Colleague: 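Below are the structure tokens for one structure; questions will follow.
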Amino acid sequence: MCRHLGYLGPEQSVGDLLSRGENSLLRQSYAPRDMRGGGTVNADGFGVGWWGSDGFSRYRSAQPLWSDPVVRETLPNIRSRAVVAAARSATVGMPVQHTACAPFSDETWAFSHNGVVRGWPESLGALAAELPVSDLLQLEAPTDSAALWLLLRGALGEQDPEKAMSALVQDVVAAAPNSRLNLLLGNGSELWATTWHHSLSALVDDERAIVMSEPYDDNPAWQSIPDRHFVSARPGHLLVTPLEMGAR
């Protein structure tokens, strides 16, 4: 069911962020603590995106996070104030390839999905039919997460992140009950997330904002996000509100 991480704060080594803490994203790729029955490891690839002086960049791989040499040899040399990363656990029947790994991006937004859309692909057929054919032809991988990104990207052209993400969760839950829809979105200056049948925590102070599937250490300042909630975070700001369902 994947694990993801969003970071905003002082400039950090991207590689160090992936391996920070006794329960780092790297460790969560092979020994997660809170998968809630959604698999045992997150070994089907990973991705990391970061914002720098030249804009947004990313690296994605079909290798497990622990085995790709780029994690040890290249990412530690890249520094950023804003990062979105994910380790993937592929749903049975979905391909294991780098284009199926988050973060998905249009160079403005970076998006990750921790969960599963039940009944894929038939369950999303009606929602996908509303997208322009040209968008569907650009689907990066035949996966539920890639399709969710297309749906969200379209909505972000007309709505703010809270409205767009809440509406997407509502629409998908109506079409595919019992789906798991922990969504994470960043734009380099703020993070937004949802919880829907999966774990999420946040660590926010005046200098940094971290949103992560599981805390990377035992710092008591980590806040567990309740199920069915929406999160917006940036340094010095954390807002957690119930997801409004049924009112569009």
Side-chain angles (χ1 to χ4, degrees), residues 1-6 25 28-29 32 35-49 56 58-65 67-68 84-107 109-156 164-165 167-186 192-200 213:
M1 292 295 176
C2 311
R3 305 279 81 180
H4 54 210
L5 160 70
L25 187 67
Q28 290 176 38
S29 69
M35 292 289 280
R36 304 192 181 184
T40 56
V41 295
N42 300 285
D44 299 313
F46 73 96
V48 55
F56 181 79
R58 68 176 170 176
Y59 175 78
R60 297 186 293 173
S61 171
Q63 295 186 55
L65 180 54
S67 68
D68 192 318
V84 171
R88 183 174 183 240
S89 175
T91 301
V92 174
M94 295 190 191
V96 176
Q97 58 193 57
H98 80 277
T99 56
C101 296
F104 301 95
S105 177
D106 62 359
E107 298 186 359
W109 307 99
F111 169 77
S112 174
H113 167 223
N114 170 198
V116 61
V117 175
R118 304 298 183 188
W120 162 266
E122 289 80 9
S123 59
L124 286 188
L127 292 176
E130 299 177 5
L131 291 170
V133 173
S134 58
D135 285 359
L136 293 173
L137 291 175
Q138 297 176 54
L139 189 69
E140 291 187 74
T143 68
D144 53 358
S145 298
L148 290 176
W149 163 236
L150 285 188
L151 291 165
L152 181 60
R153 186 182 69 182
L156 288 169
M165 295 172 76
L168 178 60
V169 170
Q170 179 173 328
D171 289 345
V172 175
V173 168
N178 300 316
S179 294
R180 297 190 181 202
L181 298 168
N182 276 32
L183 312 180
L184 175 64
L185 181 72
W192 299 269
T194 64
T195 56
W196 196 272
H197 294 326
H198 228 317
S199 62
L200 191 72
S213 297

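Positions are given from 1, in the same order as the sequence printed here. None of the values given here were measured: they were computed from a predicted structure.
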Colleague: For the atom pair CG (Leu148) and CG (Leu181), what is the distance rounded to the nearest 0.5 Å?
Modeller: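 Answer for the CG-CG pair, Leu148 versus Leu181, is 6.5 Å.
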Colleague: Could you list the residues that satisfy side chain to side chain contact (heavy atoms under 4.5 Å, CB included) with Ala155, not counting sequence neighbours?
Modeller: Gln159, Ala164
Colleague: Indicate yes or no: at least one non-hydrogen side-chain atom of Asn42 is less than 4.5 angstrom from one of Pro32.
Modeller: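 The answer is yes; the side chains approach within 4.5 Å.
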Colleague: Any side-chain heavy atom of Pro95 sitting closer than 4.5 Å to one from Pro142?
Modeller: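 Answer yes - side chains close enough.
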Colleague: Let me confirm one number: the CG-CG distance from Leu151 to Leu131, rounded to the nearest 0.5 Å.
Modeller: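 The CG atom of Leu131 is 4.5 Å from CG of Leu151, to the nearest 0.5 Å.
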Colleague: Determine whether Leu124 and Val117 make a side-chain contact, defined as any pair of heavy atoms from C-beta on separated by less than 4.5 Å.
Modeller: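 Side chain of Leu124 against side chain of Val117, heavy atoms only: contact under 4.5 Å found.
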Colleague: What's the verdict on side chain to side chain donor-acceptor pair (under 3.5 Å) for Arg88 and His113, showing C-alpha distance, side-chain angles and the deciding distance?
Modeller: CA-CA 9 Å; Arg88 183 174 183 240; His113 167 223; over 6 Å; no
Colleague: Are any of the side-chain heavy atoms of Gln28 and Ser213 separated by less than 4.5 Å?
Modeller: yes
Colleague: Do the side chains of Arg58 and Glu107 get close enough for a salt bridge, i.e. N-O under 4.0 angstrom?
Modeller: no
Colleague: Looking only at heavy atoms, which two atoms of Ser199 and Asn182 are closest? And how far apart?
Modeller: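 Closest heavy-atom pair between Ser199 and Asn182: O-ND2, 3.0 Å.
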Colleague: What I'd like to find out is whether the side chain of Gln170 reaches to under 4.5 Å of the side chain of Met165, using heavy atoms alone.
Modeller: no
Colleague: Donor-acceptor pair, distance only, cut-off 3.5 Å: does the side chain of Thr91 make one with the backbone of Met94?
Modeller: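 Looks like no, no N/O pair under 3.5 Å.
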Colleague: Enter the distance from Trp109:CH2 to Trp192:CH2 here, rounded to the nearest 0.5 Å.
Modeller: 4.5 Å
Colleague: Restricting to non-hydrogen atoms, name the atom on Leu183 and the atom on Val169 that form the minimum distance, rounded to 0.1 Å.
Modeller: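 That closest heavy-atom pairing would be CD1-CG2, 3.9 Å.
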Colleague: Shortest non-hydrogen contact from Leu136 to Ala128?
Modeller: CD1-O, 3.7 Å
Colleague: Restricting to side chain to side chain contact (heavy atoms under 4.5 Å, CB included), what partner residues turn up for Ser61, sequence neighbours left out?
Modeller: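 Checked Ser61 against side chain to side chain contact (heavy atoms under 4.5 Å, CB included); matches are Phe46, Tyr59, Gln63, Asp68.
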Colleague: Look only at the side chain of Asp44 and the backbone of Ser89, and say whether a donor-acceptor pair between them is shorter than 3.5 Å.
Modeller: no
Colleague: Indicate yes or no: at least one non-hydrogen side-chain atom of Asn114 is less than 4.5 angstrom from one of Arg180.
Modeller: no
Colleague: Side chains of Leu25 and Leu65: closer than 4.5 Å at any heavy-atom pair?
Modeller: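 Yes, at least one pair of side-chain atoms sits under 4.5 Å.
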Colleague: Of the non-hydrogen atoms in Pro103 and Gly49, which two are nearest, and what is the gap between them?
Modeller: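 Looks like CG-N, 3.7 Å.
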Colleague: Quick one: pull up CZ in Arg118 and CG in Asn178 and give me the separation to the nearest 0.5 Å.
Modeller: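 Between atom CZ of Arg118 and atom CG of Asn178 there are 7.0 Å.
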Colleague: Using modelled atom types and a 3.5 Å cut-off, is there a donor and acceptor pairing between side-chain atoms of Thr99 and backbone atoms of Ala141?
Modeller: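 Such a contact is absent between Thr99 side chain and Ala141 backbone.
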Colleague: Say you draw a straight line from CD of Gln138 to CG of Leu150; how long is it, rounded to the nearest 0.5 Å?
Modeller: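 It comes to 8.0 Å.
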Colleague: Report the distance from atom SG of Cys2 to atom CG of Leu184, rounding to the nearest 0.5 Å.
Modeller: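 Between atom SG of Cys2 and atom CG of Leu184 there are 12.0 Å.
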Colleague: Provide the closest heavy-atom pair for Ser105 versus Trp149 in the form atom of the first, atom of the second, distance.
Modeller: C-CZ2, 3.7 Å
Colleague: Run Thr194 and Leu200 through side-chain contact (heavy atoms from CB on, under 4.5 Å) and show every step you take.
Modeller: CA-CA 9 Å; Thr194 64; Leu200 191 72; over 6 Å; no
Colleague: Looking at Val96 and Ala62, what are the two nearest heavy atoms and their distance?
Modeller: CG1-O, 4.1 Å
Colleague: Can you sort out the partners of Ala102 under side chain to side chain contact (heavy atoms under 4.5 Å, CB included), two or more places apart, ordered by chain and number?
Modeller: Ala86, Phe104, Ser112
Colleague: Picking from Gln97, His98, Arg60, what satisfies side chain to side chain donor-acceptor pair (under 3.5 Å) with Glu140?
Modeller: Arg60
